[in-house]
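Note on naming: letters A, B, ... go to the chains in the order of the sequence lines (proteins, then strands), and numbering restarts at 1 for each one. The model shown is predicted, which means the values in this text are computed figures rather than measured ones.
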Amino acid sequence: MSAPAPDPVFTAFCAAGLWPGLGKRAAAELPAAGITSADAVTADRLLALPRVGRQRAERLFSSFLAAQPTYAVVALLVGAGLEARLAATAADALGSDAARRLRDDPWALLGLPGVTLGDADRLAISVLPGADRQDSRRGRAIVAMTLRTATRDGHTVLPADLVVAALRAEQIADPAAAIAAAVESGEVLEHEPPEPEFDEDADLDELPEPDPALRTLSLARFGMAEEAVAENVARLAATAERIADPAAVRSVAKGLDDAQKAAVAQVLGAGVSLLTGGPGTGKSRTVAAIVTLLRSKGSEVALAAPTGRAAKRLEELTDHPAVTVHRLLGAQGTSGGFARNEEWPLDADVVVVDEASMLDVELTAALLEACPDGTHLLLVGDPAQLPSIGPGHVLGDLIDSGVVPFTELTTLYRQAEGGAIARLANAVRAGELPPVDSPDREVVVVPATGSAEAAQRVVQLVTDSIPRALGIDPATVQVVTPVHRGAAGTIELNKALKAKLNPGEGTVWGFDVGDRVVATANHLDLEPIGFANGEVGVVTGTGDGTLDVAFASGPVTVSGKAMSDLRHGWAITVHRAQGSEWPGVVVVLPPEAGGMLSRPLVYTALTRAQRHLSVVHASGAALARAVREVDVRPRRTRLAQLLAENAG
DNA sequence: GCCTGCGG
């Protein structure tokens with residue numbers, strides 16, 4: 001008797017690794033055990049697999065049964081000629097009745113990462129005989145997709161006109177109906193244009209109409225988050241009571257300038273306040289004074305930052321515990337919400353968040369919702385640095401709204417005032433790119449043509465020119481580039497720099513003693529103090545699958561999972577360098593980064609340098625253009641308008 | 001298309 005032909009759905013399910021606990025090797029051995037379809041799966045047959053005992057067979061059988069929702073999705077996907085791997089994501093996102101939901105609305109597939117409209121259309125043709133490109137579910141899904149794509153560029157809203165144009169580009173005949181369907185589903189919100197200023201003397205017949213071109217749409221997630229931020233800022237502003245007499249500032253005023261003292265006084269009175277300024281203007285020193293004052297008053301202070309590294313630094317500078325905002329709020333896994341919320345709010349009198357330019361709108365909404373009436377919130381940050389990864393422009397919008405009290409620190413203390421680095425950084429902050437005038441070579445600009453030549457210049461600067469001409473140890477010089485790929489990206493630069501500075505085999509996970517490494521994730525729980533994403537260290541020893549790494553904050557022995565979160569760190573991206581500074585910095589601007597150059601990126605890169613800055617410039621006119629424009633792609637948001645409306 | 005935070 002010959003075995004039945006293997007069931008393609010079953011085969012795809014197993015091959016895609018969707019059967020929990022079943023390895024690749026075991027999957028390949030299933031046919032030999034007589035298991036070629038779902039119906040053939042029994043604990044007894046599984047027992048026939050090599051290296052499988054009774055207990056494992058039972059476990060495999062029950063994990064197969066538990067994976068039935070995923071199996072049902074695989075059946076749909078395979079029928080449409082789509083990748084079975086998608087099934088796991090679909091079951092995660094759509095729940096145990098994912099298959100039924102996809103049969104009801106195949107375009108719901110578009111909500112999953114990596115799915116194209118073409119994929120969703122194929123599924124639709126396969127599950128809905130006679131599927132029509134004018135189907136209202138399709139139009140609705142394209143509206144949401146358009147808004148999701150905009151979200152990746154940081155926008156929380158899009159003008160309705162742009163969404164209409166996107167719908168027309170997909171041959172949707174009735175864009176208004178598609179938008180109405182998206183709003184009806186609850187996934188999308190429609191925002192009427194702001195009311196024009198009311199002029200009391202105007203003729204009643206000529207009341208200005210809101211401009212329909214200003215109508216916007218948002219994904220409800222982000223539209224509601226912005227509304228929550230605006231409402232809760234107003235709530236905290238209205239419920240705050242003065243913590244201490246402004247005269248109390250005197251007790252910590254020693255060493256603070258007038259603006260810094262004003263910032264301290266502001267926190268004592270305001271429910272929400274802002275403290276802004278560039279690197280070296282004393283933001284941290286001011287926060288330290290605030291913490292000292294509040295502790296002396298017996299107030300409960302909570303310190304937090306959006307990144308682990310910023311939290312760690314805040315803790316060192318204030319000598320007061322600081323955590324990530326996620327930790328502060330009790331983040332529950334990737335999809336989940338936060339343990340601290342309206343029902344179980346934070347119990348601090350004052351909450352201070354450093355590096356607030358990195359706050360996106362959802363995290364800010366969660367933070368504000370967890371602050372009970374009367375909490376004072378201080379956001380500290382530099383609006384000129386890179387914007388948050390998630391959508392929103394929270395710090396900038398809070399400033400632009402004009403309704404939140406803020407103090408801007410402008411006096412530079414860290415770099416020599418009038419030094420070439422500070423002059424250049426200040427000019428870039430203001431949108432200008434003056435010719436560099438630095439006879440003492442504090443700033444050196446090295447022109448290059450193409451990324452290969454740029455890379456050569458970088459290696460030359462780090463290993464030869466900078467140490468020889470300026471006497472700066474290469475160990476204190478950091479290379480910073482916008483990109484990973486290409487000849488002047490981190491990957492190739494690190495290879496070239498390792499070959500010159502610390503050649504070797506890479507005995508443990510590609511690393512040798514003497515290699516510079518950078519962390520790409522937080523491991524704050526390693527002994528004794530762990531490491532934070534973006535920290536740079538040097539390998540000081542290797543063991544059996546372990547590395548001893550000396551980070552600036554202390555030594556750490558790294559093994560296992562944490563090891564895979566280390567990369568070579570002579571050259572790192574500008575994004576990862578945010579929040580760190582080095583005595584010497586080489587900034588590389590390769591031509592292929594031209595499109596991603598922006599004023600915040602250039603400013604962030606330049607301000608990483610304390611004593612010496614070399615700029616290897618190969619991006620031509622794109623650099624001046626990027627610095628001149630406030631941002632190449634400004635984020636469209638509604639928060640500033642909402643804040644102003646709530647205040648008025 | 002490029003870059004990137006947090007969490008388990």
Contact class for A/D360 (heavy atom, under 4.0 Å): base, sugar-phosphate, or nothing?
base

Pick base, sugar-phosphate or nothing for A/G308, based on heavy-atom distances below 4.0 Å to the nucleic acid.
sugar-phosphate

Within residues 320-327 of chain A, those residues having any heavy atom closer than 4.0 Å to DNA chain B are A/T324, A/H326, A/R327

Please indicate whether A/D525 has more than 12 foreign heavy atoms, meaning atoms of other residues, nucleotides or ligands, lying under 6.0 Å from its CG.
yes

Can you measure A/D354 atom CG to B/dG5 atom P for me and round it to whole angstrom units?
17 Å

What is the distance from CG of A/L363 to P of B/dT4, rounded to the nearest Å?
19 Å

Can you check the A/R567 CZ to B/dT4 P distance for me, whole Å?
10 Å

When you check the phosphate oxygens OP1 and OP2 of B/dG5, does a side-chain N or O of A/N522 lie under 4.0 Å from one of them?
no

Pairs satisfying ring-ring contact (aromatic ring centres under 6.0 Å, His included), at least one member in residues 550-576 of chain A, at least two apart
A/F511-A/H568, A/F531-A/F551, A/H568-A/W570

Taking only residues two or more places apart in sequence, or in another chain, which ones meet A/H155 in a side-chain hydrogen bond (donor to acceptor under 3.5 Å, both in side chains)?
none

Run the salt bridge (Lys or Arg N to Asp or Glu O under 4.0 Å) test against A/D565 and tell me which residues pass, sequence neighbours left out.
A/K561

Please work out whether the ring planes of A/F338 and A/H326 are parallel, tilted or perpendicular, with thresholds of 30° and 60°.
tilted

Whole angstrom is fine here: how far is it from CD in A/E535 over to P in B/dT4?
17 Å

Apply side-chain hydrogen bond (donor to acceptor under 3.5 Å, both in side chains) to A/S564 and list each qualifying residue two or more places apart in sequence or on a separate chain.
none

Residue pairs passing the salt bridge (charged side-chain N to carboxylate O under 4.0 Å, His left out) test with at least one member in residues 447-457 of chain A, sequence neighbours excluded, are A/E453-A/R457

Using the 3.5 Å cut-off, write out each protein N or O paired with an N or O of nucleotides 1-3 of chain B and the distance between them.
unit_1: B/dC3; atom_1: OP1; unit_2: A/H484; atom_2: N; d: 2.9

How many Å lie between NE2 on A/H523 and P on B/dG5, as a whole number?
12 Å

Just jot down the salt bridge (Lys or Arg N to Asp or Glu O under 4.0 Å) partners of A/D382, sequence neighbours excluded, or say none.
A/R429

Taking only residues two or more places apart in sequence, or in another chain, which ones meet A/S357 in a side-chain hydrogen bond (donor to acceptor under 3.5 Å, both in side chains)?
none

Nucleotide B/dC6, atom P - distance to CG of A/D565 in whole Å
11 Å

Rounded off to whole Å, could you give me the NZ-to-C1' distance for the A/K561 and B/dG8 pair?
10 Å

Please give, in whole Å, the distance from B/dG5 C1' to A/Q385 CD?
14 Å

